[in-house]
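Both counts, for ligands and for their atoms, begin at 1 and track the order of listing.
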Amino acid sequence: MVVVRAPGKVILYGEHAVVYGEPALAMAINKYVYVTARARSDGKININARDLKLTGISVTISEGGDIIARTDYGAVISALSYVKRAIELAMEYVDKKVGIDLEIRSEMPVGAGLGTSAAVAVATMYAYIRELGYDIDKRELARLAWQVERDVQGSASPTDTTMATFGGIMYVKPEGNNAVMEPVRPGTNVPLIIGYVPRVSTTKDLVAMVRRKYEIMRDVIEPIIRTIGLITRKGREALEKGDLELMGVLMNINHGLLDALGVSTRQLNELVYAARNAGALGSKLTGAGGGGCMIALSDRIEVEKAIELTGGSVLKAALDTNGAVVVDSN
Ligand code: PMV
């Protein structure tokens, strides 16, 4: 039996601008997806994702006696397709098809932009490979997990799978079809409170919406995108120096520009302002927007409470420096 965990991530600066070649700064967080793998002798694959915080599943028995699982929440289907593709690629990697029991558990809400699908892909592959007695280089693991995301989604940036594999903080700069990823050494602890509200739009739709604006009025949108890139570079410097105050100011400006691009929502804005009023050094939406997550630079209980009182759910997070690791085996 092997238990692997892989971390989620937040984007500190640079979402959306990164689609236009600007850098982004992503941080792995100490909230994890855990995958337990147990080899079976009968060749069957059994996936138990009971704790994946997947809501909206209903299981019924049809007239013919078949069990039909229904869901009105695409996340269930989608999480399972990541697991399936991850197992297929892990089987190709070890060149063996062995039955397995997989148990998957997430400490993060699924589909909120925290990188759960990438963490599921990374942890599933790593657990399968280790349970069969093999090992894999982390660069190879990140590459294969990125492949899982691309096969399931059609297109995907390597950011989430890189963070789930290596952990830490990365400065990501797209270059053509690739991305340069530089590990960043923070000059101080980065205390983060994550607020979460249900999503009303998908990443794909939001990226497309910004693209339309960019095409219709490039002269207005382009400077916003370039300025976000500038904020990311300055944010990296502030982080390396351990200047949390400056980091907070830059987060606030970054949020204003994301709002200008139209990817925030009234509810996200309310959480962002509630966090600042309660004493956060800075706050912004994180990820694609349209609901989902915001981050507040703070470790104050008042900030957590303010987010909750404004209707958000709270996750308190700090930096994860390990990425994917085996946490138990026997
Ligand atoms: O919600 P997330 O973490 O998948 O963020 C998407 C980030 C975008 O910049 C909006 C899109 C992308 O592919 O980089």
Side-chain angles (χ1 to χ4, degrees), residues 6-29 31 33 74-75 78-79 82 106 108-122 145-146 148-150 152-165 169-181 192 194-214 221 224-229 231-232 235 251 254-255 257-265 268 271 284-295 315 317 320:
K9 68 97 200 25
V10 292
I11 296 178
L12 295 175
Y13 306 98
E15 50 275 269
H16 287 286
V18 71
V19 175
Y20 299 81
E22 294 298 330
L25 198 64
M27 170 172 146
I29 54 173
K31 295 289 167 221
V33 166
S78 133
Y82 288 96
S106 172
M108 298 169 276
V110 174
L114 294 176
T116 30
S117 60
V120 164
V122 167
W146 184 26
V148 171
E149 290 233 297
R150 278 180 298 175
V152 175
Q153 290 169 209
S155 75
S157 99
T159 314
D160 288 12
T161 39
T162 300
M163 302 314 295
T165 306
I169 299 176
M170 297 264 188
Y171 180 83
V172 182
K173 176 108 172 54
E175 293 201 342
N177 273 342
N178 268 314
V180 175
M181 308 243 182
L192 284 184
I194 300 171
Y196 167 71
V197 290
R199 279 191 85 169
V200 291
S201 318
T202 63
T203 298
K204 196 171 165 192
D205 288 348
L206 290 156
V207 168
M209 187 262 284
V210 174
R211 172 71 64 188
R212 278 196 300 280
K213 284 189 180 148
Y214 181 84
I221 302 298
I224 296 177
I225 284 168
R226 301 296 158 233
T227 305
I228 294 178
I231 289 168
T232 302
M251 276 183 185
N254 194 167
H255 180 79
L257 294 174
L258 286 165
D259 198 18
L261 290 177
V263 296
S264 192
T265 61
L268 272 178
L271 299 192
K284 65 183 274 291
L285 73 84
T286 185
C293 290
M294 50 75 70
I295 48 175
L315 265 183
D320 165 89

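Heavy atoms only, all atoms of each residue included: Met209 and Leu261 are closest at SD-O, 3.9 Å. Taking both residues in full, the closest heavy atoms of Tyr196 and Ala112 are given as CE1-CB, 3.1 Å, listed atom of the first, atom of the second, then distance. A pairwise comparison of heavy atoms in Ala119 and Val33 identifies CB-CG2, 3.7 Å as the closest pair. Between Val148 and Tyr82 the shortest heavy-atom distance is CG1-O, 3.7 Å.
Between Gly113 and ligand 1, an N or O atom pair is found at a separation short of 3.5 Å.
For atom 13 (O) of ligand 1, the closest heavy atom belonging to the protein is Ser157 CB, 4.2 Å. Shortest contact from atom 1 (O) of ligand 1 to any protein heavy atom: Ala288 N, 3.1 Å. The protein heavy atom nearest to atom 3 (O) of ligand 1 is Lys9 NZ, 2.8 Å. Shortest contact from atom 14 (O) of ligand 1 to any protein heavy atom: Val18 CG1, 3.3 Å. Here the protein heavy atom with the shortest distance to atom 12 (C) of ligand 1 is Val19 CG2, 3.9 Å.
Exactly one of Ile228, Val207, Ile225 qualifies for a side-chain contact (heavy atoms from CB on, under 4.5 Å) with His16. That residue is Val207. The side-chain contact (heavy atoms from CB on, under 4.5 Å) with Val10 is formed by just one residue from the set Lys31, Met294, Met27, Met163; it is Met27.
The shortest distance between side-chain heavy atoms of Leu114 and Leu315 falls below 4.5 Å.
Those atoms of ligand 1 that come under 4.0 Å of a heavy atom in His16, given as number and element, are 8 (C), 9 (O), 10 (C). In summary, the atoms of ligand 1 found under 4.0 Å from a heavy atom of Glu15, numbered by their order in the structure, are 9 (O). Close approach to Thr203 involves these atoms of ligand 1, each under 4.0 Å from a residue heavy atom: 1 (O), 6 (C). Close approach of ligand 1 to Gly287 is summarised as follows: ligand atoms under 4.0 Å from at least one heavy atom of the residue are 1 (O), 2 (P), 3 (O), 5 (O).
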